Amino acid sequence: MATATKPQTRPPDQQEAPEPEDLNPFHIAQSQFDLAARYIPELTPGLGEFLKRPERLLTVEFPIELSDGTVLTFVGYRCLHSTVRGPGKGGIRYHPDVTADEVRALASWMTWKCAVVDIPFGGAKGGVAFDPKKLSVSDVRKVTRRFIAALGENIGPHTDIPAPDVNTDAGTMARIYDTYAMMHPGVNCLPVVTGKPVDLGGSLGRREATARGCLFVTQQALRRGIVPRRSSVQGATVAIQGFGNAGAIAAQLFHEAGARIIAVSDSRGGIHRADGLDPAAVSAHKKRTGSVTGFPDAQDLSGEEVLTVECDILVPAALENVIRRDNVAQVRARLIVEAANGPTTPAADRMLFERGVQVLPDILANAGGVTVSYYEWVQNIENEQWEESAVNEKLLKKMNRAADAVIDTQRTVNADLATLQASRDAKAPGGVPLTPVDLRTAAYILAVRRVANPTLARGIWP
Ligand code: GLU
């Protein structure tokens, strides 16, 4: 006789762990694209495949010799994602976690970012996998020169134009320019790289542009009413994760615009002060001690805790995948402004959207940097230097227009869901039903259309 079997319930410590979240940045970038593509009926499947894949990925391996005679070998990448709208554009980062897939993802985000702000560039990105903080300044310079020499003719003023990114700055860009200029005497090489020092063809306002763009986009989105009962940054509480070029300057600019910076962090940890921190004093402390931690009159927190501080606006300004499925429930901000590239995973995006937390996505929020890079490139080609006020005014118009375009796209798509669904069903019945889109998907829809249209207009050669 068969015995009744009881349903098997395992004790909590033996229950199967959920599938780990896929944190590969290129998989994430592709899934973001695929989600948006469902709302773009004019995108044929083959065209989508072409647009989401990079045109080229170069891997270079090269040595440098340290002052003690040791030879170190480095692996570097440069990915050109799209040249449909113009030459490739995007930064070079130095970080031990750089991988081919990270660079591919970052390059594709550059394509969509340049399209969101409507500048005539495609997307590119590069990186060398090492920790520059562990080498001397002169050894890092050797890495820069050998990397640029190894890339050879694969970068150029009208093909692929680097810029600063994580752990690289105007000084690095000066070395990139010099290396390239040594290899190309007798021509104007200034437009080969942007983010250069101001006295070497750099644009006024470029250093602050990523952070200033974040502020402009935030102000415009709040004016447009994306956060109930908050129409400006005046009096808003702000937490900033990452205190490098983007984060530290964002702290200063949000503070000057009347926000209260209550928490900041860097790679060593964070600090919190409910009454507000003075960003200039925190920067001076970091310069002196190497970190924001230990700042007088503030409470020390872990870097992770800064993400979960209760605040109006959270600005992740460091690396990818910091807001994930496993910590998103603890995030207590009302608005997330992505100064970093790729800080929020798709699972976290979904959960935030369900909770009504708005996310101004990286391809909009941090596009101020590449926008002023474009202005620098134009100035270099024209042998001009624009006033800082002119640069900032142009940036303000660009960012406001981009924020409006993304918000309008979201509203139009969400208002037209039934029509979109009907046109999908007519082509391929029985698919997953379309649901309202968040601002990231709206930004993708806008950007992918802006790349798909010129692709179709140009035609696929031959
Ligand atoms: N690395 C920056 C970004 O991710 C700037 C790129 C540029 O100026 O080309 O947007």
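From a predicted model like this one, the values you see are computed outputs, not experimental measurements. Atoms within each ligand, like the ligands themselves, are counted from 1 in listed order. No hydrogens, no waters, no symmetry mates; every other heavy atom, side chains included, goes into these values.
No cation-pi contact links Lys89 to Tyr374, judged by a cut-off of 6.0 Å to the six-membered ring centre and 45° from its axis.
For ligand 1, the 4.0 Å heavy-atom shell takes in Lys89, Gly90, Gly91, Met110, Lys113, Lys125, Ala163, Pro164, Asp165, Arg206, Asn341, Gly369, Val370, Ser373, ordered by chain and residue number.
Within the structure, side chain to side chain donor-acceptor pair (under 3.5 Å) pairs that include any residue of residues 211-223 comprise Arg212-Asn392, Gln220-Arg223, Gln220-Asp404 (at least two apart or interchain). Each ring-ring contact (aromatic ring centres under 6.0 Å, His included) pair with one or both residues in residues 236-260, not counting sequence neighbours, would appear here, but there are none.
Checked against side chain to side chain donor-acceptor pair (under 3.5 Å), Asp22 has the following partners two or more places apart in sequence or in another chain: His27.
Taken to the nearest 0.5 Å, the CD atom of Glu376 stands 11.0 Å off from the CD1 atom of Ile381. With values rounded to the nearest 0.5 angstrom, Asn400 atom CG is found 10.5 Å from Arg224 atom CZ.
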